[in-house]
Amino acid sequence: MADLWQVTLVSPPYQSWTYERPSFFPELKPGQRVIIPFGKSHRMGVVTGRAEQVPEGVEIKSLIWPLEVEPLLNADFIEMADSLAARQMTSVGRILEAILPRGLRTAAVTFRIDKHVARQKLPGSIRPSKLTKCSPDELTELMELWLAGRMRVRINAQREAEERFVSLVSDPPWAVRPNAKRQIRILEYLLDNGPQSLYSLRHVLGDWAPDTAAKMEGRDLVTVGELTADALDEVDGTAACGETEPLQYELTEEQQNAMDDMRASLAKGGGAHLVHGVTGSGKTVLYLEMARYCLEQGRSVILLAPEVALACKLYRNVKEHFSNLKPVLYHGYQSPKKREAIFTDLVRNAEPRLVVGTRSALFLPVHDLGMVVMDEEHDESFKQEERLAYQAKEVGWYRVERTGGLLVLGSATPDIKTFHAAQNGAIPVSTLKKRVGKSVLPEVELVDIADLSNSKQVFSPTTIDALKETVKEGRQAIVMLNRRGYAPLMYCLDCSETVRCPECEVGMTYHKGRERVVCHYCGLSYSYPLLCSKCGGGNFIPMGEGTERLEEHLEEILPEGTNVLRLDRDATRRQERMEEILGAFSRGEAQVLVGTQMISKGHHFPKVTLVVVADGDLGLNLPDYRSSERTFQLLVQVAGRAGRGDMPGKVLIQTRNPQHPLWNEVLNSDYEAFFQREIGRRKMFGYPPFSKLALVRISYPADFKQGGAAISLFAKTLKQYSQPLGVSVLGPAPAPLSMLRGRLRFNCLFKGADWKNLRMLFGHMAQANPDPSKVRISLDLDPLTTL
DNA sequence: AGCGGTAATGCC
DNA sequence: GCATTACCGCTT
């Protein structure tokens with residue numbers, strides 16, 4: 001009887017297939033990666049178990065070769081992937097593809113045979129395709145070598161070379177001929193999407209891309225190599241991420257109490273724990289001391305920050321705090337090679353480890369996970385929305401639940417759902433009310449700008465005075481405006497049209513520095529100046545404000561010699577720019593820093609005494625149930641940037657609506673008042689945490705004629721199944737951004753008592769899809785925005 | 001019937 | 001994801 005196994009493909013079409021273990025092959029264990037024949041070529045797959053029933057009418061092929069002697073993925077890891085697949089209603093293969101480092105899911109490998117055994121007529125290296133042609137005797141001989149560790153896996157050189165990253169050398173304009181179309185495409189693509197691997201350039205732009213990129217490297221337009229973050233990581237342990245805040249190691253009474261509570265939770269078998277502490281209250285020290293405790297107990301720890309720069313900063317804190325420990329840094333901007341090495345190292349070395357990283361670090365195979373810490377747990381970056389949608393909090397919860405570990409959620413402004421659970425007693429909570437050391441919470445003031453709305457002024461006289469004074473006294477100020485670019489609308493003076501994106505039908509933002517108008521949704525851009533598509537005229541005026549225009553404006557109103565820096569996604573496109581800007585500002589080379597919400601996150605500038613929120617109303621009135629939560633969190637967070645040193649800080653929030661109840665709560669940094677008001681509103685309208693929400697996104701190409709019929713079919717299906725499942729449905733209705741990248745979009749909001757029924761209803765919809773190749777539907781559980 | 005292009009299908 | 005095959009409109 002043949003020995004049959006199920007192998008799951010970690011690349012399309014992702015399903016599980018049956019293969020035979022040939023006689024020369026060693027025993028298999030689930031979780032083992034193997035090379036399998038698939039169609040005309042070969043692929044990498046993961047053994048998921050024995051084949052229970054034999055497929056009929058197909059000739060079963062044999063496995064080609066194992067990729068490791070001991071399985072890389074243990075049963076827990078496979079179980080985690082299974083559980084994620086069930087939650088997201090997709091296949092395990094897709095999940096594995098999303099959570100494994102790239103090097104560990106490629107089949108483009110060569111087996112190298114040790115030199116001193118190669119003399120016996122064996123080649124020095126052998127490819128999988130060659131292995132399928134070997135005789136049984138040769139295979140048996142090779143397998144002996146493999147099991148003795150004398151035959152090793154090597155990722156193919158070309159494949160590995162394509163893992164290198166391409167980054168821009170300078171900002172536009174570039175020294176390139178206007179008819180060098182391919183070069184311009186690469187430059188534009190890098191500008192819009194940040195550094196990319198040669199591999200992804202080839203996939204997105206075409207097979208010519210790696211060659212063209214190599215030529216461009218010769219002309220100093222781009223650099224091709226390891227990411228700088230990687231290089232810096234080797235040298236001094238961390239990329240330069242601005243100044244690290246000096247930590248006060250002596251625990252305050254509040255911190256000590258929190259520590260005792262968490263230890264007690266851990267002793268009782270773990271669970272979630274909320275640390276609600278104002279900005280600057282010393283949450284980091286608390287995490288580090290808890291980490292020390294866990295490691296002493298022989299258990300591993302994962303510390304997560306919402307973004308790379310903050311993870312690097314935390315990593316540096318860890319290195320300073322622990323002298324005799326080798327922590328691991330893991331995030332999406334490290335090279336695939338590095339990430340792969342970390343993954344295998346964690347599998348092979350079972351000792352307790354401390355991992356610092358961003359959300360993807362949650363999937364690392366650390367042994368005996370004692371604690372997961374999520375700093376700034378309310379941050380939206382903890383939810384991944386593109387490709388595979390997952391909420392890191394849920395994954396973290398899943399992981400600690402299995403190991404009896406602790407999930408520590410820390411924030412000054414917790415997620416409403418988290419705090420609600422704490423209020424109900426479902427999650428224990430430790431509160432830190434005082435800032436550590438001398439610094440005190442800043443004073444917050446409202447500035448009414450209602451009478452400014454028709455003039456060209458952005459800042460009220462009060463704001464301008466405060467800025468001038470801060471600069472005069474040699475201190476620093478931060479100005480936040482949550483909108484990048486120069487002006488969000490370009491208005492044609494001749495025919496009163498605005499410049500719109502033909503693919504998305506939204507206004508295109510003018511970027512003065514790039515000399516382009518850009519669609520902020522799909523990235524399409526045109527060079528500017530341009531002619532009006534309606535009347536052919538060229539007289540546009542910019543309407544509204546973006547960070548770029550604010551920067552220009554500030555340079556005009558502030559005294560001669562004042563330096564203004566800007567920090568937003570545009571300014572930080574080039575790899576090192578973010579660190580350069582943060583570094584320059586913390587060294588005092590500029591007095592004012594203008595930026596988007598990027599500047600609100602975790603940075604420590606002791607000389608900043610003034611924070612200005614240019615438009616506090618932005619984002620407050622969006623038709624989204626979380627908009628006030630988001631605004632409150634952002635404002636408290638950015639206010640926390642002021643007065644972190646010895647000098648007291650001041651925050652000015654400009655608003656056209658000073659009566660809004662939110663302001664009082666922000667002024668007093670009164671999270672609980674905000675929470676009480678918000679939870680009342682949520683209860684009244686039945687929003688989370690009083691219900692579960694799911695957003696179903698439907699889209700099809702704008703020229704697909706049967707699209708309308710598909711939508712009515714979905715509507716009919718929903719009508720039929722929603723009531724029996726107890727799910728209330730809004731839509732399908734055209735999405736607020738009704739067209740994106742040439743696809744018409746529809747949204748459908750599900751509200752119900754539990755996730756199971758929301759999933760089932762989605763399942764019915766997916767089944768009713770008349771043309772899955774044209775009509776795409778996807779499920780987003782607990783969406784960040786319902787827009 | 002013969003051609004070139006594209007959509008649909010199978011892959012164990 | 002990729003190769004093979006089925007299908008379509010159109011020429012000869």
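Side chains are part of it too, since the values below use all heavy atoms of this structure and drop only hydrogens, waters and symmetry mates. Note that the coordinates shown come from a computational prediction; the quantities given were computed from them, not determined experimentally.
Checked against side chain to side chain donor-acceptor pair (under 3.5 Å), A:Glu68 has the following partners two or more places apart in sequence or in another chain: A:Arg33. Listed by chain and residue number, A:Phe38 satisfy the ring-ring contact (aromatic ring centres under 6.0 Å, His included) test with A:Trp17 (two or more places apart in sequence, or in another chain). Listed by chain and residue number, A:Glu79 satisfy the salt bridge (Lys or Arg N to Asp or Glu O under 4.0 Å) test with A:Arg402 (two or more places apart in sequence, or in another chain). In terms of the ring-ring contact (aromatic ring centres under 6.0 Å, His included) criterion, A:Tyr189 has no residue partners (sequence neighbours excluded). A:Thr358 pairs by the side-chain contact (heavy atoms from CB on, under 4.5 Å) definition with A:Val308, A:Ala311, A:His331, A:Ser360, not counting sequence neighbours. Residues passing the salt bridge (Lys or Arg N to Asp or Glu O under 4.0 Å) test with A:Arg202, sequence neighbours excluded: A:Glu162, A:Asp207. Taking the side chain to side chain donor-acceptor pair (under 3.5 Å) definition, one finds that A:Asp780 meets it with A:Lys383, A:Arg697, sequence neighbours left out. Partners of A:Thr212 under the side-chain contact (heavy atoms from CB on, under 4.5 Å) rule, at least two apart in sequence or in another chain, are A:Arg182, A:Gln183, A:Ile186, A:Trp208, A:Met216. Looking at residues two or more places apart in sequence or on another chain, you find no ring-ring contact (aromatic ring centres under 6.0 Å, His included) involving A:Tyr398.
Atom CZ in A:Arg43 sits about 14 Å away from atom P in B:dC11, given to the nearest Å.
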Taking only nitrogen or oxygen atoms into account, show me every contact under 3.5 Å that the protein makes with nucleotides 6-8 of chain B, one pair per line with its distance.
none

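A residue-by-residue look at A:Lys40 and A:Ser11 shows that A:Ser11 has its nearest nucleotide of DNA chain C further toward the 5' end.
Using modelled atom types, one finds no donor on one side chain facing an acceptor on the other under 3.5 Å when comparing A:Arg164 with A:Ser197.
Proximity of residues 13-21 of chain A to DNA chain C (heavy atom under 4.0 angstrom from any strand atom) is restricted to A:Pro13.
The footprint of chain A on DNA chain C, defined by a heavy-atom cutoff below 4.0 Å, extends from C:dG1 to C:dT4.
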